[in-house]
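Only a predicted model underlies this, so the values are computations on that prediction, with no experimental measurement involved.
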Amino acid sequence: MAAETLHIEGTVENILFKNDANGYVVLDLDAGGELITAVGNLGEVDEGEILILEGNYVTHKKFGTQFQVVYCERKLPETVVNIEKYLASGAIKGIGPGLARKIVNTFGAATLDIIEHAPHRLAEVKGISRAKCQDIAEEAKKLFALRSLMSFLSEYEIRSGIAMRTYQKFGADALEQLKVNPYILCDEFIDLDFRKADVIAKDMDIARDANTRIIAGMQYILKANSANGHSCLPLEILLKLTSPTLNISEQEFYRAYNYALEEDELFEYFRNNREYVYLPDYYRAETFIADRINVLRQFTSPEDFNYDALIDIEEEENHIKYEAIQRQAITTAVSRGLIVLTGGPGTGKTTTLNAIISIFEKKGEKVLLAAPTGRAAKRMSELTGYEAKTIHRLLEVVYDSGGRTVFAHNENNPLDCDVLVIDEMSMVDVILFEKLLRAVRLGCKLIMTGDRDQLPSVGAGNLLFDIIAGHCVPVVQLKEIFRQAKQSLIVTNAHAIIKGEMPELDIKNNDFFFFERSDTQKVIDLIWQLNRDRLPKAYNFSPTDDIQVITPSRKGVTGCIELNKVLQQMLNPPAKNKPEIKSFTYTFRLGDKVMQTKNNYDITWSKDGEQGAGVFNGDIGRIIEINFAAQTAVINFDGRIAKYALDTISQIELAYAITVHKSQGCEFEAVIMPVVNGFEKLCYRNLLYTAVTRAKKLIILIGSREQVRKMAEKNTHRRRYTCLWHMMRSFVEQEQDEQPDISRTDT
C-alpha cells in the first residue's frame, strides 16, 4: 500500500544543493522550529521563501531521513526578517546583504510588493541611483515572471523543468502568452504533451473549435506518427485521426488546416494528386535533401572515367582481385563523387569501400568517415582502418545564445573535407541527414553505403530507400557472395531470407542454430540457460558484453521489457552494495546494461581527456555510478563517461534484451532471438533479415519453425509515408523534359 502523502509548510533556511539544469534542490526547511531536509525538483528556490510541500519521508543510506517532495507551492516571505534574508541570498541580481538591509529598513514588510509593482521607488533608498534602480527592476521582473510561471504550472502538476524551458523560450511575458495560447507549451523545445496543454486550455475557456487548439492537435498527431517513422501523413488520414481525437467537424478541421498552411505551421506537398501534410521541420528536411542532392549532382561528372590503372594498383597492394561489379563501384565513386553503394553481408562492400577511400587519398583528397551511432562508427573504423566518427560528433554539438543545442558545422562553417563517406545509411533519418548536408560544401564528394534490405531508421523517414528510388544518385548494388563468406550460415541464410526462401535450420556445426520450442516459458528458460551457462562455457562469451538478446516486440512475455527483467535478475541481481533507482518501467541498479532511447544533446561526457555533449537513441552502455547526494547517475558508453540527472533516467532502458529496430547499426558476437507466434504485425522478412545480420559470430533462433518460414515469406511491412523520393525524382523528370528530342533526325 502506498504511503499517505504528507503536507508540510516552512521557511527555506539553507540551500544545500541546486542543479540549475533540472531544478533539483536539496534544502533545509524551518517548519515551526523543526529543521527538515527536503529534496526534489523545486526549481528556483531561495533562502527566506515560504514553501508548502507535499511528499513523503524517505531514508537515505548516507544522509538519513529526508522529505521527498512531489508537489511544491511557493509563497514569498512575509516577515521583515525573512524578506531581508531572501534578498540577501542573491535572489535578485544586484542586491547583496548590505543593500537588502537598507531596502527592508526603508520599506519594511511592503518591500517585495514595491519591488514587483513600483520598482521606481527603490530610488528612495540611499545609495540606489536611477540607473541602479532600473537594473534591479529589470532583474526583479525576470524573477517574478519565472516564479509566477512556475506557480501557475505547478497547479497542473507540471514540473519546474517545463517552466524553465518556457521562460527560456518566451521570456518575461511567457505566462501572459501561455494564458492566451496554452498550446505554446507543445513547442518542440518545451515539449509538453498536447493532452496536458489541452487541460490548461479548457480552464482558460479556449473554445473546442479554436484554430490554436485544432492546429496544435494536428501537430500532436503528426508528431506521434513521426515516432512511427512517418515524415508526413496523407491529408485524409490526418483528418480521420484528428476529428475524433479533438471532437471537431470536418468543416472545423479544414478551416484550421487552411489557416495553418497560411501561417507556415503546417506544409503540404502534392504527389500523384494526393495531398500530404508535414510538420515544418520534416518538410524543410525533405525538400532541402532533394534540392541539395540535385545541386551536388550538378557538380559531378555525368559519366565514368577510366581508373583501371589505379584499381590494378589497389589489387596488387592488397593481394585481392576485385569482381567486375566492385570495379564498377570504385570507378563510379571516384569518377562522379556521388554514389550509393549497397549490399548484404559477404558481398565485399567493405573491401570496395576501402579501395575507394585509398584511391581518393592517393589523389590527395581529404576523406572523412562517419556513421549514425557510436557502435557503427567503431565498427567502421575496425573494418576500414580509418578513423570514423558519429555524425553528431562530426558536426560538433554546441550551444547557441539561447542555450539550445545546435551543430557547429553548417552552411556557414562547412566540414573540412573533399570526400565524406557515410556508412549504415539505412539508419540515418531525414532530420539528421539534412543537418549533415547543410555542412557539406558543394564541391565535396559524397559516398553513401548501407544495406537497402535492412529496416529503415528509428527516426522518421525512409532515407536510403528514398534516395535509391529518387534516381538522382548512381547506385551500385553488390549481390554476389564471396567464396569465403559462403562458409558462414549467417551470410547464406541472410541472403536466403531476403530472397523469401526458408533459411537452413538443421545444420548443427556452423554459426547459425535453431532450437524448436512451442512453449514460451521453455523459450525463456533456454534464453536464460544460453546466457548464463552454455554460451559462456562453449565460446567464452561475456553474457553482457558479447551476447545480445534481440526480440521483435517490446511487449509480451518474450518482448524486451519482460526479458530484460528476467535477464537482469540473472545477470545483475540486487545486493546491499548496489544502489537502485526506479523508473516507470524498470528498476535500475549499479552495473546494469542500459540503452539511451532518445537523442539528448545536453548530456555531457568525457573520454580520454576529450569533453563532449550528446547521447543518442540506441547508444548502449553500463551504469557505473549512482550518486543520491548529487542526484546523478554515471553511464559508460564505450568509453564515453556520461553524467545523467536522476530525473532524466526515464530516457534509458535496460538493454540485456532490445528490439530488432533498436539493434540497427550494431553488431554483436552472439545474438539470441525468440521467434514465437503472437506478434503478427512484426512478422516480416526485413525484420528477420536485420536481426540475423546483427550477429558477428553466432546466431540462435528459438521458437517456431513455421514462424521463421512466415517471416521469410512475408515481404510486406509497415508503410512509411514520405515524399522525398518523389521530390528527388521530379528533378530528374524535369531535366528530361527540358532535353531536346533527338530520337529522330529531320531530312
Side-chain angles (χ1 to χ4, degrees), residues 5 7-9 12 15 18-27 29 38-46 49-55 67-77 86 91-92 112 116 139-207 210 212-213 215-217 219-220 223 402-404 584 602 631 645-651:
T5 301
H7 301 255
I8 61 173
E9 180 174 346
V12 178
I15 303 293
K18 181 188 289 187
N19 186 325
D20 293 327
N22 58 31
Y24 185 86
V25 177
V26 180
L27 57 81
L29 192 77
V39 300
N41 290 87
L42 308 178
E44 291 293 324
V45 179
D46 291 289
E49 281 191 82
I50 300 171
L51 301 183
I52 302 172
L53 306 177
E54 294 182 7
F67 190 79
Q68 181 72 52
V69 180
V70 295
Y71 172 77
C72 173
E73 182 179 333
R74 294 170 180 76
K75 288 184 177 180
L76 290 174
Y86 173 67
I92 299 176
L112 294 180
E116 183 175 8
E139 292 298 324
K141 181 180 178 182
K142 295 176 185 177
L143 173 71
F144 288 115
L146 178 57
R147 303 184 74 76
S148 298
L149 180 63
M150 285 183 166
S151 178
F152 177 83
L153 291 177
S154 69
E155 296 176 16
Y156 295 91
E157 298 183 353
I158 295 173
R159 302 176 81 173
S160 59
I162 294 291
M164 286 189 279
R165 290 200 294 273
T166 305
Y167 182 83
Q168 193 173 0
K169 171 82 175 180
F170 296 103
D173 297 327
L175 183 57
E176 286 71 23
Q177 292 190 49
L178 187 159
K179 288 181 177 179
V180 173
N181 178 14
Y183 300 105
I184 65 173
L185 296 172
C186 302
D187 176 88
E188 185 178 8
F189 178 66
I190 301 167
D191 202 28
L192 184 71
D193 188 284
F194 167 81
R195 291 164 293 189
K196 290 186 177 181
D198 211 27
V199 172
I200 300 174
K202 188 175 182 180
D203 287 351
M204 298 290 101
D205 293 325
I206 291 177
T212 53
R213 177 175 184 264
I215 293 169
Q219 292 172 333
Y220 163 68
K223 186 176 180 181
R404 299 187 221 180
F584 182 77
D602 297 325
Q631 285 292 296
L646 290 189
D647 68 343
T648 62
I649 210 70
S650 60
Q651 295 181 11

> Find out whether D46 and I15 are in side-chain contact, i.e. whether some heavy atom of one side chain is under 4.5 Å from a heavy atom of the other.
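D46 vs I15: side chains apart.
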> As an exercise, state the distance from CG of L149 to NZ of K179, rounded to the nearest 0.5 Å.
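Output value for this atom pair is 10.0 Å.
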> How long is the span from the CG atom in L185 to the CD atom in Q177, to the nearest 0.5 Å?
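L185 atom CG to Q177 atom CD measures 10.5 Å (nearest 0.5 Å).
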> Tell me, please, which residues at least two apart from E9 pass salt bridge (charged side-chain N to carboxylate O under 4.0 Å, His left out).
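So E9 forms a salt bridge (charged side-chain N to carboxylate O under 4.0 Å, His left out) with K75.
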> Please give me the minimum heavy-atom distance between V12 and V45, naming the atom from each residue.
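Heavy atoms only, the tightest pair is CG2-CG1, 3.7 Å.
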> Quick one, C186 and Q219 - any side-chain contact, counting heavy atoms below 4.5 Å?
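A side-chain contact under 4.5 Å is absent here.
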> Check I190 against I162 and note the closest heavy-atom contact, atom names and distance.
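Scanning both residues completely, I find the closest heavy atoms to be O-CD1, 3.4 Å.
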> As an exercise, state the distance from CG of L153 to CG of L175, rounded to the nearest 0.5 Å.
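Taking CG in L153 and CG in L175, the distance rounds to 7.5 Å.
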> Taking only residues two or more places apart in sequence, or in another chain, which ones meet Q68 in a side-chain contact (heavy atoms from CB on, under 4.5 Å)?
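Per chain and number, Q68 pairs via side-chain contact (heavy atoms from CB on, under 4.5 Å) with V39, V58.
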> Sequence neighbours left out, what passes side chain to side chain donor-acceptor pair (under 3.5 Å) with K223? Give chain and number order.
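Testing K223 for side chain to side chain donor-acceptor pair (under 3.5 Å), a comparison that skips the adjacent residues, returns D191.
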> List the residues meeting salt bridge (charged side-chain N to carboxylate O under 4.0 Å, His left out) with E139, not counting sequence neighbours, and say none if there are none.
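Checked E139 against salt bridge (charged side-chain N to carboxylate O under 4.0 Å, His left out); matches are K142.
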> Check whether any side-chain heavy atom of L53 lies under 4.5 Å from a side-chain heavy atom of F67, and answer yes or no.
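They are in contact (side-chain heavy atoms under 4.5 Å apart), so the answer is yes.
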> Can you give me every donor-acceptor pair (side chain of residues 192-203, partner residue at least two apart or in another chain, under 3.5 Å) with its distance?
unit_1 : atom_1 : unit_2 : atom_2 : d
D193   : OD1    : R195   : N      : 2.7
D193   : OD1    : R195   : NE     : 2.9
D193   : OD2    : R195   : NH2    : 2.9
R195   : NE     : Y220   : OH     : 3.4
D198   : OD1    : Y183   : OH     : 2.4
D198   : OD1    : R213   : NE     : 3.0
D198   : OD2    : R213   : NH2    : 3.3
D203   : OD2    : Y156   : OH     : 2.8

> If you measure from CG on L29 to CD1 on I50, what distance do you get to the nearest 0.5 Å?
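Between L29 CG and I50 CD1, I get 10.0 Å after rounding to 0.5 Å.
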